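Remarks on the structure that follows.
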Amino acid sequence: MKKSLIPIMLAFASMAYATDINVTSVDSANPTQLTKVSTLAFDFKNGSESGLDNVYGTYTARINADKSIVTIAENVHLDFTYNDSQIWSGLTMAAGSSINLTEAKGGLRLQKNAATIRGDITINGFKHTSDYYFGGDNYALHIKGITANFRGNSSLTQLGVYGAYNDFSRSMNRISGTFDVNTTGKLKFDDYVYFHSSTIILKSSNSLISGAGVEKNATNVDAGLKNATSQADSTFYFINGNGDKSYELKECEVVINASAANEFGTFNVYSGSTLKLISETLKDGTSAFKVNELNIFTENATTEGATAMNNDLSLTLQLNFYEGNSDNMFIGNLEELIDLADVKFQVYNHSLSKYEDGVLGENFFINDGWISRTPEVPEPAEWAMIFGAIALGFVAYRRRK
């Protein structure tokens with residue numbers, strides 16, 4: 001009896017742990033049809049004769065397992081057509097590869113294991129008609145608690161806007177964990193990007209576009225929102241949900257570390273949060289970290305919205321910038337934030353290797369939005385104007401005498 005079970009057990013083990021899935025068609029109009037495979041490691045191989053030709057395949061099933069690792073070889077192009085979300089615990093994409101989630105419910109969640117992406121991802125949105133909520137599975141792209149690395153010439157395109165910007169029951173792009181961006185491509189989102197407690201590492205410049213298609217929703221248009229065309233006119237949200245249907249929000253902690261020049265349009269940060277901005281490695285004055293507008297806001301699914309700026313709103317803003325250059329970090333409306341009663345500033349002291357309370361005019365200074373550790377020193381031409389004005393004043397005084 002025991003002996004007869006061995007072949008069955010071996011066959012089952014082979015089925016459960018088979019990893020190679022060959023994609024062989026070099027004709028994009030007639031892709032290799034791939035159906036459900038019982039495996040925990042989905043290794044999509046380039047099955048062309050050379051092993052390097054562009055090959056095309058269609059996977060018709062859902063990958064949804066806690067240990068489902070997906071690997072896509074060089075020049076392999078896959079359409080995932082299952083009419084529901086794909087939930088993968090790991091993803092590795094080689095250069096020249098691509099995946100396309102084609103259905104209206106084609107959301108993608110990456111969780112548990114790191115993702116390294118050197119290819120192109122297209123997501124055609126996600127839409128539930130049932131009563132889903134902010135803390136659940138309502139997403140287009142969800143990077144959940146892992147490190148997502150975008151490398152080489154990788155790109156991401158998220159298509160579709162479902163619901164108004166102030167409706168947290170809609171689908172959205174939710175990023176937590178570590179978002180490490182070093183790509184010459186673009187990560188372009190029709191809907192807004194919502195960063196939860198996370199670390200954003202920017203090693204390339206201006207790669208993110210958030211809100212590229214928000215005008216597809218009439219409420220957004222009525223609110224005056226415009227499609228973003230670049231990172232410099234994009235809007236990013238820093239926000240958290242507590243995972244129940246009250247849509248109640250809670251504070252978040254976000255770190256943005258830029259080692260390349262980056263300009264952002266608008267940061268909307270939920271009240272009670274901590275936002276840490278780091279640009280200390282940007283020592284060239286032409287390579288700055290710029291935020292054109294930073295808002296503190298309260299917003300949930302039962303309100304109309306938008307931004308509230310008053311003395312009851314709170315934010316801890318930690319700033320770590322290169323102290324040797326006054327053109328290193330910029331926040332366009334920083335002086336307005338200083339006037340708010342409950343905004344706490346902390347400035348990194350490099351000599352002491354710690355953050356200390358920031359006191360405007362003592363250990364940090366602002367000049368037209370630029371932040372520095374020392375007062376702005378006039379240029380020689382400015383000194384000439386100053387002394388010229390003094391001289392004219394003195395001449396006028398002597399004439400009156």
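The model shown is predicted, which means the values in this text are computed figures rather than measured ones.
Between Phe330 and Phe289, the ring center distance fails the sub-6.0 Å criterion. Checked against the 6.0 Å centroid threshold, Tyr237 and Phe195 do not count as a close aromatic pair. Taking the six-membered ring for Trp and the full ring otherwise, Tyr270 and Phe238 have centroids separated by 6.0 Å or more. Aromatic rings from Tyr192 and Phe189 are positioned such that their centres are separated by 6.0 Å or more.
Taking 4.5 Å as the limit, some side-chain heavy atom of Leu91 sits within range of a side-chain heavy atom of Ile117. A 4.5 Å side-chain heavy-atom check between Phe150 and Phe179 finds at least one atom pair inside the cut-off. The shortest side-chain heavy-atom distance between Thr178 and Ile201 falls under the 4.5 Å cut-off.
Of the possible donor and acceptor atoms, one in the side chain of Thr183 sits under 3.5 Å from a partner among the backbone N and O of Ser154. Asn328 places a side-chain N or O within 3.5 Å of a backbone atom of Leu282 that can act as its donor or acceptor partner. Between the Ser176 side chain and the Ile143 main chain, a donor and an acceptor come within less than 3.5 Å of each other. Side chain of Asn217 to main chain of Asn220: a donor-acceptor pair is present (N/O by atom type, distance under 3.5 Å, no hydrogens or angles).
Not counting sequence neighbours, Glu215 has no partner by the salt bridge (Lys or Arg N to Asp or Glu O under 4.0 Å) test. Qualifying side chain to side chain contact (heavy atoms under 4.5 Å, CB included) partners for Ser230, counting only residues two or more places apart in sequence or in other chains: Ala232, Asp233. In this structure, the side chain to side chain contact (heavy atoms under 4.5 Å, CB included) partners of Asn54, at least two apart in sequence or on a different chain, are Tyr56, Asn75, His77. Evaluation of the side chain to side chain contact (heavy atoms under 4.5 Å, CB included) rule for Ile69 yields Thr71, Ser89, Asn113 as partners, not counting sequence neighbours. Residues meeting the salt bridge (Lys or Arg N to Asp or Glu O under 4.0 Å) test with Asp53, sequence neighbours left out: none. Under the salt bridge (Lys or Arg N to Asp or Glu O under 4.0 Å) criterion, Lys216 pairs with Asp190, not counting sequence neighbours. Residues passing the side chain to side chain donor-acceptor pair (under 3.5 Å) test with Gln231 are Asn206, Asn262, sequence neighbours excluded. Ser97 pairs by the side chain to side chain donor-acceptor pair (under 3.5 Å) definition with nothing, not counting sequence neighbours. Qualifying salt bridge (Lys or Arg N to Asp or Glu O under 4.0 Å) partners for Lys186, counting only residues two or more places apart in sequence or in other chains: none. Residues forming a ring-ring contact (aromatic ring centres under 6.0 Å, His included) with Tyr348 (at least two apart in sequence, or on another chain): His350, Tyr355.
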- Item | Worked verdict on Arg373 versus Glu356 for salt bridge (charged side-chain N to carboxylate O under 4.0 Å, His left out) | CA-CA 12 Å; Arg373 291 281 285 185; Glu356 57 188 11; 3.4 Å; yes
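Checking Ser155 against Asp120 by side-chain atom types alone, a donor-acceptor pair falls below 3.5 Å. Judged purely by distance below 3.5 Å, without hydrogens or angles, the side chains of Ser48 and Asn46 pair a donor atom with an acceptor atom. There is no side-chain donor-acceptor pair under 3.5 Å between Ser25 and Asp27.
Residue pairs meeting the salt bridge (Lys or Arg N to Asp or Glu O under 4.0 Å) criterion with at least one partner in residues 35-51, sequence neighbours excluded, are Asp43-Lys45. Legend: salt bridge (Lys or Arg N to Asp or Glu O under 4.0 Å) pairs involving residues 140-163, not counting sequence neighbours, sorted by first then second residue: Arg151-Asp180.
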